[in-house]
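Below is one structure, written out as structure tokens; the observations come after it.
As a basis for the values below, the full set of heavy atoms in this structure was taken, side chains included, without hydrogen atoms, waters or symmetry mates. Here is the naming used below: chain letters follow the sequence lines, and residue numbers restart at 1 for every chain. Please read all numbers here as calculations on a predicted model, not as lab measurements.
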Amino acid sequence: MCGKKRGLLHKKMAPILLVEKDQERANSVTALFSAGDLFPGIQITTASTLAQALNLFPEKEQKFNAILVDLSLSDSQGLTTFTRLHQKAPHIPIIVIVSAEDVALGEQTLRQGAYDYFVKGDTPEGDSPKGEVGPKELSRMLRHTLEKKELLDRLNENEGEQFRDMIEKSNQGQVVVNLKGIVHYVNPAAEKILGKPRDQLVEKAFEYPISHNKTTDLKIASANGETKIVETQVTEIKWGALPAYLVAMYDITNLEIIEHLKAEIIQRQKVDRLKDEFVSAVSHELRTPLTIIKGAIDNLRDGVAGALDPKQTKVIDIAYTNSNRLIKIINNLLDLSRLESGHSHFQRANIKIYPLIQEAVRNFQVSMRDKELILNAQIPVDLPEIYADSDMVVQVINNLLDNAIRYANKQIGLTVRPIEEKNKKNLEIVVSDDGPGIPIEKRENLFSKFVQINRPTGGAGYKGTGLGLAICREITNLHHGKIWIDSNFNGGCHFHVTFPIFHVLSNTSLESP
Amino acid sequence: MKKENPGILIVEDEVFLAETIGARLEFLGYQVAYAENGQEALEKLKSNLPDLILMDALMPVMDGFEATHLIKADPRLKNIPVVFLTALAGPGDKEKAIASGAEDYLVKPFEVADLISLIKKWAKN
């Protein structure tokens, strides 16, 4: 015996229960085990009847390391003796003692879970001349049993416990199915994946195909009607003593969705890039013929090719207006495409807004005069500078003024003021008109491309491009500003735009993003 | 070229566009000469010096950038102002024109008024 094994036994010598009707034999067995240092510190509890033995359980069940039982007792005979004891103390290893003619019975107990059986001879002290198992054999048997028990206990306490805990808490579903397809065990993750509690699964047939040693994707319909995609992998294991299948399940529904979304995003990026290239190419190709058309119309209109009568002038004016409209749409389309793709020329600096507004207003003076509109401007001269791209700010102001002029009845409002929101200082520009306003349900899409609200009055003969507000939104987003509409008062529309005020940077620096 | 009428050289491969611009400029009293690409422009500049060159960017044989570069490298020609007229409206296109030595830049399609004000600004004589 090596020292290591000895040590194992030394560690925890719980008593052994000996159930034996023959007092003399009991004594000799006790003497055998107690002699020498084979089982140091061994304690042997004896019981002469099964009733007496059973009385020691279950309260003190853990007290014994092993049970030695003679199957032939005064109150119980044969296999029954073993099964009743085993039922009472299922975790304690049992060595049965049978007579020489009952070897078959010993074999039977092994199949029922006995650790070993011992064939008793006439004298336990000496080796049996008939080849029966003698005391040396009994000692060896007990030693092995105790060692095995000790190892199993350890396994259960440590690795076994950890393993069970790991399986129970695993995110991966684990199902044990026997070779006939009956479910033995289901962990909580598998309950979740299969959408059924354990008691509806265990001891019932496993509903899904088991493909051996390969990964399979199953579609599992859950109670709420959604279909889960579950990856399963089957491995052969031993469950108890019998071969079984361990079905590992992993709910990959979300992964599938993510894969799907990823592919969609890549596709969309590709389409966006193609769209950018297309818009850019088209707008470039359109520019030359448009320039020629516009130049020709301008020449006619301005009498370069000779004087026109009023009727001819009227015709050429229509061509003139609409060639300009077409140019504006193409420019806006290109601007928007660049803004959306992040390829626009964006250069911010600390800029004064007053001159920009002055210039914008000046540009619209003719159209305001034509429509006999009054401009109510409230713009303090000492406004703080904003950190923005001045061309883009002008574009926003132009687009908003253009809209306001189109829909206004008599008046247009233009207010600029510093505001503070959540400790952020912004400059707010409000452009308003006294037109028909925009119904609340139509405001949501107002900043989308090619959305033009057919307002009941105003705008006759002068249509926009359907891109102006979309451009305004892209520009304000780029500046971390905001744009919104409110038309709750005075009936008209009030467009609000904010641009950030930066104090830290002085007006000396230019910055590229 | 008569002294009182400023001369403009239009370098443009689109003949109709060149004619449209030319008709307007002649109507306004300018003298106009034409070239269909950069190389032809350099040929014309050997015999006649205009007061201003309107330069297209993308042309066959020799583009506007190269032609401008050569013009600005020639001591005899370098003082003639060059204004780009181009359909290139992308970021960096203006910088590219200016880098080649051009004085100014106008994106097609343009307003006649804008073209005239650029011509008046650069063709000072």
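Within the 4.5 angstrom heavy-atom criterion, no atom of B:Leu25 approaches chain A. A:Asn331 does not touch chain B: none of its heavy atoms, backbone or side chain, sits under 4.5 Å away. With a threshold of 4.5 angstrom between heavy atoms, B:Glu111 approaches chain A through its backbone and through its side chain.
The main-chain N or O of A:Ile412 is never found under 3.5 Å from a side-chain atom of A:Asp433 such that the two would form a donor-acceptor pair. A side-chain donor-acceptor contact under 3.5 Å links B:Arg24 to the backbone of A:Asp298. In this structure, the side chain of A:Asn322 does not engage the main chain of A:Arg325 through any donor-acceptor pair within 3.5 Å. Side chain of B:Lys44 to main chain of B:Ala33: no donor-acceptor pair is present (N/O by atom type, distance under 3.5 Å, no hydrogens or angles).
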